[in-house]
Amino acid sequence: MQFAEFSHQGSQTTSLGPPTTSGSSVSIKATSALGRYNPLKIEKKWQKYWQGKKLFQTKDTVKGKENFMLLTEFPYPSGNLHIGHWYAFAVPDIFSRYLRMRGKNVLYPIGFDAFGLPAENAAIKNKINPKKWTEQNIAYMTKQLQSMGATFDWSRKVSTIDPEYYKWTQWFFIQLFKKGLAYRAKTLVNWCPKDKTVLANEQVINGCCDRCGTEVVQKELAQWMFKTTDYADKLIDDLEKLDWPEVTKTAQKNWVGRSRGVEVNFLIPNSKEMIKVFTTRADTLFGATYLVLAPEHSLVTKLTTDDNLDKVNKYIQEARKKTELERTHLDKDKTGVFTGAYVVNPVNKEKIPVWVADYVIGQYGTGAVMAVPAHDERDFEFAKKYNLPVKMVICPNYPAPKCPVLEKAFTDDAYLVDSGEFTGMTSEEGRNKILEKLRKEKLAESKINYKLHDWVISRQRYWGAPIPMIHCSKCARLPARPAGGPDGQGYQPVPEKELPVKLPDLEDFKPTTDGRSPLAKAKEWLKTKCPKCGKDAERETDTMDTFVDSSWYFLRYVDPKNKKSFADAKKMKQWLPVRTYVGGAEHNTMHLLYSRFFTKALFDLGLVDFNEPFLVRRNHGVILGPDSQKMSKSKGNVVDPDDLVKKYGADAVRMYLAFMGPYEQGGPWSPGSINGVFRFLNRVWSLFEKTKIADKDSELEGVLNRSIKKTGEDIENLHFNTGVSELMKLLNKMEESGGSKKDKIIFLKLLAPFAPHLAEEIWFTLLKQKKSIHLENWPKYDEKFLKQEKIDLIIQINGRVKGVLKIARGVSEEETKTMAMSSEKVKPHLLGKTLKRVIFIPDRLINLVV
RNA sequence: GCCCGGGUGGUGGAAUGGCAUACACGAACGACUCAAAAUCGUUUGCCGCAAGGCUUGUGGGUUCAAGUCCCACCCCGGGCACCA
């Protein structure tokens, strides 16, 4: 390869400061091949060039190259890119470019998650149609995204509002419906009174709407749901094979909330009925002194004695009025009422009273619990308040039990006491034996419970993919099939050849007050024929939760224009599952759980051949405002990336974001600190521009080889901050020594993923290259040179540092010891002492113990 | 309450059990300039004139050697939470 000689001109009047917008008086004289570093000019130029050459359009296969999909969470088209988008997309782009240089066929896709409430609310506020509003935003944000200079493959862009996209969202719904995995049922659901729609459990944060913060209320409504609970076990167990952050895994485990225990039957005297309770502590059964029903429990009214009926009814009504927030978060002070009824404790046949209290959750387990005040904090509190007996049956010491008077519940496992034939057993043993005995009497069965609920996907809002179902009132009158069955309650799927069910254009798309979706206002659209009986029928008017759209978008990137299928099977095999997925931790229990469920369901339907969508997951942090607060317009602490790009250029912005701290951590934006990176880029520029270099031998081989290794490893581990600092160190060294031509070329290649435009400019303009630096291979390092570096070997006396030896690697212990002991700094410390021990760590230190 | 992270200079942060404070930011001083900006150079953990001593949230421990490992505690961030 031939390189142009580096030119150098003596006097420079060029300012390397940020180009000011206020028409500075500095005279600029371009005096070299490069001229002044003007990021704006060169960045636009190279972005155009890359686009024109289709440099980042990814082929399905390239001979000899391994496919690698690097996925980031596609953005919601809110209208403007904020600095967080740059963090989410521009920083992983460093990894994308690095992977290319390492010979991978990289797909770094982009798209828009464009349906959803915020768009609709913004459209209402701005009195504009959501479609128009969203499309404008997509167009604008596309331009902004392109200014990053990222390696997105725009030819594979996906948008969830494209009918060709949501056709498949609907198609998937129908496949799930046919399998019984999508069903309609009347249950207690979360209702946001402000957004006037139902929300999934995952979208309720501390009892409030995830979108608008309004307190959520419980309503009993018929809704479409996905049977996520069918996959509860797999959603936990399969986490094991994934390389995901521990936080995400535990969040998902907690969310699914698997708990193994026993379901115990408490018989009602003189009745065929019984009350089932779930417990994980069957060992405490002898200590059950009362039983509690949730207010929603079906047996409450039946059991309540006449003289208690008024009181109980009043209590239930009060409980109903409470919001989820009040009941589960604020109202920890427990209340309840006695029903007048008794049940029989199966282990000792004792009659215990039945209470109703809203600290018991109707939706979990059986909606009833046995109360063991001595060994459960909640029961203890309740028993104290209502003067119910506390009976201690687990004791920390046995034999010779000296059970203390309880001031609070004793909840640990220990030894059973006062428990009949089970007395003296450990908790573990007691649980097993008691279950064994009760099982024989058909009074108990082992049972696993989950906190996970089925995913409510119906939304009573306009801006979403219509649920592709048809309701026929005639067919509904036919004998009902079991709930959740394929065509229960008179609903038929839209015939697949009629997909997509297009979202109708509506003048008035605002949410209604009666809880029905605004789609009901599209009178013509609503009318259709029943696919089963052919009579007049109506379309379903609910739309799907946007999280359905985003549960499968990564599949579409593989084959975005396919009209016959959501994606071609062969192409899926080439690209999926996703190798690395980078995104925000806020999706731990939403998007990531939904996508996993969706993938597992598609796997069971035989539509994909993998049951986990994302092999490696990495979370990134959040960029806060300079005041360490979450950025928001109202706080006035928003950092605008466009302004920064104008001032410093895209290279500086992306590189600073990479440098500012550990990527998984994020942190506050520090307005001044970007100067450091900007200065660094200017110094790189100067190094190439100003210094004249003979093609001399490198003096930097040790440092250089270490940098190749370290920078590469740092990028692979997403430790971008230390990667940048390594390049800064290398530049410092090169400025000292000048560096050979070869060194500089290597340096430029290491820099290329971080500052792609600047690297490209120098590569073409100064080094007169004809092909993009981004098509180059990542430099190789040579272990041999790593060993050549001189090292500082530390001399310690009794573990305290006393001196340093500057020596080559690989010096023997004997030699080092001799050198150390004869060192002027060390000698005085050894006077009159005997050497007891020598600890020698090769190439690191020698510690003389005296 | 339970489960994860984390606590290191004025600031962001670095450190396979082996020189704590790399790399930056900021600051001070100097050079260039009539001047300023930019740039370049020097200094910059704390105490001390110095020799030297002290220092990774606190207190113990293991080790020749601890920011790193163990025990107890304090504080901050996040997740779950009346889930029986």
Side-chain angles (χ1 to χ4, degrees), chain A residues 12 14-18 20 24-26 205-206 245-255 257-259 261 277-281 284 292 294 327-329 331-334 357-361 363-372 375-379 381-382 411 449-452 585-586 588-589 619 621-622 656 659-662 664-665 667-677 679-680 682-683 686 719 721-732 735 792-804 836-841 843-850:
Chain A
Q12 283 279 324
T14 307
S15 163
L16 292 177
T20 48
S24 86
S25 57
V26 181
I205 312 293
N206 285 336
E246 254 346 279
V247 261
T248 309
K249 287 190 184 184
T250 24
Q252 297 213 348
K253 276 182 212 161
N254 289 343
W255 191 263
R258 179 165 60 193
S259 143
V277 306
F278 174 73
T279 179
T280 53
R281 292 295 303 273
T284 65
V292 194
R327 188 165 154 186
T328 60
H329 292 269
D331 214 12
K332 300 245 170 173
D333 184 28
K334 293 166 187 45
D358 66 0
Y359 78 88
V360 174
I361 295 164
Q363 313 244 4
Y364 181 76
T366 60
V369 302
M370 64 177 206
V372 185
H375 307 294
D376 181 282
E377 280 166 29
R378 296 150 299 179
D379 299 340
E381 194 191 314
F382 193 80
T411 55
N449 263 317
Y450 304 89
K451 286 190 226 171
L452 185 74
E586 70 273 22
N588 280 349
T589 53
N619 290 343
V622 179
Y656 175 61
F659 181 58
M660 62 183 280
E664 66 275 17
Q665 182 187 298
W669 177 263
S670 157
S673 300
I674 190 172
N675 274 321
V677 168
R679 276 204 278 260
F680 167 79
N682 274 296
R683 278 165 54 205
S686 305
H719 295 164
N721 55 331
T722 46
V724 174
S725 87
E726 187 61 32
L727 291 175
M728 289 174 165
K729 282 181 204 174
L730 183 56
L731 178 69
N732 289 344
E735 281 178 336
D792 292 347
L793 193 136
I794 306 308
I795 310 169
Q796 295 183 339
I797 310 277
N798 292 339
R800 318 269 307 174
V801 180
K802 295 298 174 193
V804 179
K836 284 186 202 143
R837 201 174 153 189
V838 177
I839 286 120
F840 176 70
I841 313 288
D843 299 338
R844 286 266 185 198
L845 66 74
I846 186 159
N847 187 8
L848 309 171
V849 185
V850 291

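Chain letters run A, B, ... following the sequence lines, proteins first, then strands; residues in each count from 1.
When the shell of 6.0 Å around CD of A:E586 is examined, it contains more than 12 heavy atoms from other residues, nucleotides or ligands.
Look at A:R679 and you'll find a side-chain N or O under 4.0 angstrom from OP1 or OP2 of B:U39. Dashed line: the shortest gap from a side-chain N or O of A:R837 to OP1 or OP2 of B:A65 is not under 4.0 Å. Of the side-chain N and O atoms in A:Q665, one or more sit less than 4.0 angstrom from OP1 or OP2 of B:G13. Dashed line: the shortest gap from a side-chain N or O of A:Y364 to OP1 or OP2 of B:A84 is under 4.0 Å.
The same atom, P, is picked in B:A51 and in B:U58; the two are 27 Å apart, to the nearest Å. Comparing B:U63 with B:A14, their C1' atoms are spaced 25 Å from each other, to the whole Å. Separating the P atom of B:A20 from that of B:A65 is a span of 14 Å, rounded to the nearest Å. For B:A27 and B:G18, the C1' atoms lie 33 Å apart once the distance is rounded to whole Å. Annotation: B:C75 and B:C40 have their C1' atoms spaced 44 Å apart (nearest Å). B:C47 and B:A37 have their P atoms separated by 29 Å, with the value rounded to a whole Å.
Under the Watson-Crick and G-U wobble criteria, each requiring two contacts below 3.5 Å, nucleotide B:G30 is paired to B:C40. Searching all strands for a Watson-Crick or G-U wobble partner of B:A50 with both distances below 3.5 Å returns nothing. B:C73 and B:G57 make up a base pair, with Watson-Crick or G-U wobble contacts both under 3.5 Å. When both distances must be under 3.5 Å, the Watson-Crick or G-U wobble mate of B:G1 is B:C80.
Taking 3.5 Å as the limit, the base of B:C19 and the side chain of A:D792 contain a donor-acceptor pair of atoms between them.
A:Y359 and A:F382 have tilted rings, their planes meeting at an angle from 30° to 60° on a 0 to 90° scale.
The nearest whole Å value for the distance from the CG atom in A:N588 to the C1' atom in B:G79 is 8 Å. Residue A:N721 contributes atom CG, which lies 12 Å from atom C1' of B:A15 at whole-angstrom precision. For the pair A:L845 CG and B:A15 P, the computed distance is 20 Å after rounding to whole Å.
By the 4.5 Å heavy-atom criterion applied to side chains, A:I846 and A:I839 are not counted as neighbours.
Looking at heavy-atom distances under 4.0 Å, A:S259 makes contact with sugar-phosphate atoms alone, never a base. Heavy atoms of A:S673 sit under 4.0 angstrom from primed sugar atoms or phosphate atoms, though from no base atom. The residue A:F680 sits apart from the nucleic acid: no heavy atom pair falls under 4.0 Å.
Residues A:N254 and A:K451 approach most closely at O-NZ, 3.8 Å, considering heavy atoms.
Base orientation of B:G9: syn, the glycosidic angle falling within 90° of 0.
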